[in-house]
Every structure is written in structure tokens, then in C-alpha cells.
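Counting begins at 1 with the first residue of the sequence. Nothing here was measured: the structure is a model prediction, and the numbers come from that model.
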Amino acid sequence: MTRQMTGAKMVVQALKDQGVDTVFGYPGGAVLPVYDEIFQQNDIKHVLVRHEQAAIHAAEGYARSTGKPGVALVTSGPGATNAVTGLTDALLDSIPLVVFSGQVPTFMIGTDGFQEADTIGITRPCTKHNWLVKDTDKLSETIHQAFHVATTGRPGPVLIDLPKDVQFADGEYTPPAKAKVSHYQPRVKASIEDINNLVALIEKAERPVFYTGGGVINSGPGASQLLRELVDATGFPITSTLMGLGAYPASGKGWLGMLGMHGLYEANMAMHGCDLMINIGARFDDRITGRIQDFSPNSTKVHVDIDPSSINKIIRVDLPVIGDVGHVLEDVLKVWKSRGRKTADTSAWWKQIEEWREVRCLTYKPSETVIKPQYALERLEALTKGMDRYVTTEVGQHQMWAAQFLNFEDPNRWMTSGGLGTMGYGFPASIGVQLAHPESLVINVAGEASWLMNMQEMGTAMQYRAPVKQFILNNERLGMVRQWQQLLHGERYSSSWSESLPDFVKLAEAFGAKGIQCSDPKDLDDAIMEMINYDGPVIFDCLVEKHENCFPMIPSGKAHNEMLLGDASVEGAIKSDGAVLV
């Protein structure tokens, strides 16, 4: 049954009908009618951020940790352009978002009116789809379609541009059940022929590896459970991209650790030496493949993905399997079990993997006088292990160390910017996670330079009493930039040293939060527990070794078996395997 209401009221009603409980945003003139309607209801909580980029990242954190679409609301012009970084971040990492932007009235579009921008043109390349709604009668159906597009198939961000006169005008409200969504129905079930072919490959592989990505998590908790069952039943090793951590438990018997540019030696070597690679929900990102022509040169390659455009986009595969990860894994398990659960002997393969593990690629030189960043994360992991914990990160060395040294047993517990590598992502994302899980421990692992990019969100954390913990590994450097300059640019440190940093303890206190600083390894455990036990936002300034490098590392343009290893790894890693010791 349709009802008459204003466009602004339609927005709020549609959000309620879609089950939305939280919206992240920042008001402005072009979107005030919607804000007025938000004020007059109590079902949806609006979170006032301090910058529109942070609104999108907070919505991403909410979405990634809950599995539900995140929602953001920004005004026209600079409000919309400030959202572009977050939209691009969500597009590359396949995060479902619905973003509303205000727009000048329809009769002013194209006149260069105050705070007008071509939001549709600007955001077309960084959204899965976008709409400019000029007719109030079409607004509610457009919103329902937007939620469908954002969450169906490969998830992603969508944007709805709302002219101010459309928000004021009356129109007919269409409920979700009557919205037309049949025009976008991605294929979720793979063909039985492809399933049978994949099972046949599983049955005869002697050096197999599962290569998994964020698509497993996006498919829902059922997909992660099916993945665990398949990996454990076959006894195959499994590795993951940065975005896929937690889909298979770090304590699982098949776990090799993360692969890629800063992945583990054993994971990268297994990818290079396997005879069957089964890619499940990953996109062959360049940080994973290294030099494309030498990527896993002797393997039969399978790619399971719901997005047909991802197939053969970067790496040519032998068996494409198009479908939702959960459905595909369910069918593979059924067929494999019905055919007798057969696998080839992989004992020699596991023996080789154990030899690679003996390199102990994450070994670092300990110190009694300065906190090594690896040690800081080892202690953070040890002291929070088993807690109801969510982790976000900023971008840089600290992000890679967090992926290497923190362990995740479940999906949706790890939120990081993978594809775009957005400095400033982690802090607002942690607020989105915390507001979705108010009783949980939420930690943002940060570098001081990256954290400063959205430091203003301390105001948001304090206003909404979000007890997020900002664990800053402070090396007074743009750490990853400095590392590349040392290794690849003749130690010419161009603009990679922070000449002026705030006193983070005083900064925390200025916002009314708690500040902690630690520089002595002997004090670290007590300081971390003080951070965890404090009932409110914390900025933890962890002063770490300034020139520590993050290893292993595949240099740009190199293959998986041409890794740089830290000099504390096992002496004499097998040269024939291509290891290069620094």
C-alpha cells in the first residue's frame, strides 16, 4: 500500500524499512530536510562525525563488522567530494554502503550554484552504481534498489543524490516488497559441470593450496564455516589475502598465514610451488601476484568468484567457477563427499611446507631498551587473546605487522583498507565498529602519521562514548615510505620523517580522553592492560624502534620466490628457493 509523504520523510521511512539502525553523517544546507526528519524520530541513530571522509569509513567499519550495509549522509558540494575517498576505498574492498548526498534544487543543477558539484559524474567511477533522483515519486523505489545493488552479488558502495526540492516535495512511498529489483540478479549457483571439474582437480592434486580472500567473508558466516569444513576435511593448506583474514581460523591445522608482498615465506612459497591453486573470493591483486608472468608458474588455477568481470582480468585461469562462495563451497562439499572424499597423498607437500616454516620469517632481533613494533603487537595479541575483540588498522608498516602478528579465529573481526590503502581509515572505522558492538573491545592499530589524518574524530568518539583504543606505533617516520626509500631509493629519505608531532597524551586529554605513553619494553604489558581496562577512548602512544623494517617483503616487480627476509630469520634459508637475505 502506497502512502503520500515528503521526499525527506521517504528517506527516513525507507531506511527504517531496510532495517537500518545507524547513520553516519554531517549536515549541510542541501540535506537539512532529511536531518529534520531524523530529528523527529527515535528508531534510527545518527552519528555526527567531524569530516565526511570519516563518515564513509565509519560506515565501512560498521558494515564490515556486522555484515549489514553501512549508511552515510552528507551534504552537497564539498560534503560529497569529501566522501569520494571513502567511496573508492569501499569499492576496491567490496564493502556494501548506501550513501546519500544532498544536491542543489533541480532547477539550479548546472548553474554552478552555491555548493553545487557534479556528484553523479564525480562518483560514477568510485561507486557500484549511483542515481540522481529528480522525481519524488521515484525516490523510495530508488532507495530500495540501492540497498539491493549494494548487497547483492559482489558488494559495493552506491550513492543517491538528493536535490533539495525533491526532499521537500510530496510523492508516493513504495514499500520494499514492491520495488523493482529483478533487473539485477547476479548468478549465485555455479554449474554442476564446473563443480564436478573442481572436485576432480581436488581429488588428484599432490601440491594443492587454497587461496582465499574477502569474498569468503562477504558471502556470510555460513561461507566461512563451509570453508573450514572443506579445508579440514581435505587436509589441504590454506592461505589468505589481507582482506580474508579470519575466514579460516589462525589456529587451524591448515593455516599458512597471510600471503603477498608482506606475507609469510611459507605461504608465498606454497603459492609459487603448488600444482593446484584454488582461488576462493580473491581478485589476484598486484600485492598478491608479484610479477605476473612468474606467478605460480606450474599450477592449475581455479577462480571462484561471484563477479564475472574478475575472471581472467589479471591472471588467466584454467577453471572459472562463477557463483556465490557459500553456494559453491556447499556444492563442492556435497559432490566431493558423494564421490568418496578422495584426495591424493599430500604428505611430501606438507613436508616441504614444514621446511619453509623452519625459516621462521617473522623472527626479529629483540631489544631490552627499545620497544620493537613486532614485540608490541605480540604483547597486544597475548594480552587480548580470547577476548571479544575487533581490530581496525590505519595503513603502513603497522598494518602489515598487525596482519602478521595478530591472529583471527572468526570472520568480521579484522577491518583494514586493502585495495586503496587509505591512511586515515582505521580511526573512524573503529568508531563504526564500536557503535555496532558497544560491549566489545575495539582496537585501532595505527601509525602516528596515518592516525593524524583523521584525528578530529576524537570528538566523535567522546561525544558518543565509544571506548575505542588507539594503539599508535610511533616511529616518528612515514614508516613504509622510509623503508622503500632505504631499500629501493639509495637511502634518500625524501619527506618521510615527521619533524613535528603532537604530544599524544596531551592531545587525548584535550579531548577529554585518556592518554598513555610507553617507551620501555618492561612497562609495556602494564600499559596495554591500563588501556584495555579504561572505560573510555584511549590514545596509546607506543614509542617504537624508528628504523625497523617490515619483512618478509616481495620487492615491486619480483616473483613470490624472490622475497627479502629480515636478517634475524633462520640463517641460510635455502638459496635454491630464491630467498634473498637482507
Trainee: Indicate whether any N or O donor in one side chain lies under 3.5 Å from an N or O acceptor in the other, for His560 and Ser296.
Mentor: no
Trainee: Can we say Glu354 and Lys351 salt-bridge, meaning some charged N sits less than 4.0 Å from an Asp/Glu carboxylate O?
Mentor: no
Trainee: Using only heavy-atom distances, determine whether the side chains of Glu394 and His398 contain a donor-acceptor pair under 3.5 Å.
Mentor: no
Trainee: Strictly below 4.0 Å, N to O, side chains only: are Asp21 and Lys68 in salt-bridge contact?
Mentor: yes
Trainee: Measure from NZ or CZ of Arg413 to the centre of the six-membered ring of Tyr390, then state whether that distance is under 6.0 Å and the direction lies within 45° of the axis.
Mentor: yes
Trainee: Side chains of Gln53 and Thr85: any donor to acceptor distance under 3.5 Å?
Mentor: no
Trainee: Would you indicate whether Glu409, at its atom CD, is surrounded by more than 12 heavy atoms from other residues, nucleotides or ligands within a distance under 6.0 Å?
Mentor: yes
Trainee: Decide, yes or no, whether a salt bridge links Glu203 with Arg341 under the criterion of side-chain N to carboxylate O below 4.0 Å.
Mentor: no
Trainee: Testing the 3.5 Å rule here: is there a donor-acceptor pair between the side chains of Thr343 and Thr234?
Mentor: no
Trainee: Could you work out, with side-chain contact (heavy atoms from CB on, under 4.5 Å) as the rule, every residue matching Pro78, not counting sequence neighbours?
Mentor: Thr81, Gln115
Trainee: What pairs with Glu52 under side-chain contact (heavy atoms from CB on, under 4.5 Å), at least two apart in sequence or on another chain?
Mentor: Tyr26, Val74, Asn82
Trainee: Side chains of Asp89 and Ser417: do they bring a donor and an acceptor to under 3.5 Å?
Mentor: yes
Trainee: Strictly below 4.0 Å, N to O, side chains only: are Asp331 and Lys189 in salt-bridge contact?
Mentor: yes
Trainee: Pairs under 3.5 angstrom only: tabulate donor-acceptor contacts from the side chains of residues 276-288 to other protein residues two or more places apart or in another chain.
Mentor:
residue : atom : partner : partner atom : Å
Asn279  : OD1  : Ala282  : N            : 3.1
Asn279  : ND2  : Ala282  : O            : 3.4
Asp285  : OD2  : Arg287  : N            : 2.8

Trainee: Identify all side-chain donor-acceptor contacts of residues 120-128 below 3.5 Å with residues at least two apart in sequence or on another chain.
Mentor:
residue : atom : partner : partner atom : Å
Thr123  : OG1  : Thr119  : O            : 2.7
Thr123  : OG1  : Asn130  : ND2          : 3.0
Thr127  : OG1  : Thr123  : O            : 2.8
Lys128  : NZ   : Val149  : O            : 2.7
Lys128  : NZ   : Thr152  : O            : 2.6
Lys128  : NZ   : Arg154  : O            : 2.7
Lys128  : NZ   : Tyr184  : OH           : 2.9

Trainee: Please list all pairs passing the ring-ring contact (aromatic ring centres under 6.0 Å, His included) test where one or both residues lie in residues 217-264, with sequence neighbours left out.
Mentor: Phe210-Phe236
Trainee: For Ser430, give me all partners under side-chain contact (heavy atoms from CB on, under 4.5 Å), at least two apart in sequence or on another chain.
Mentor: Thr392, Phe427, Val442, Asn444, Val468, Gln470
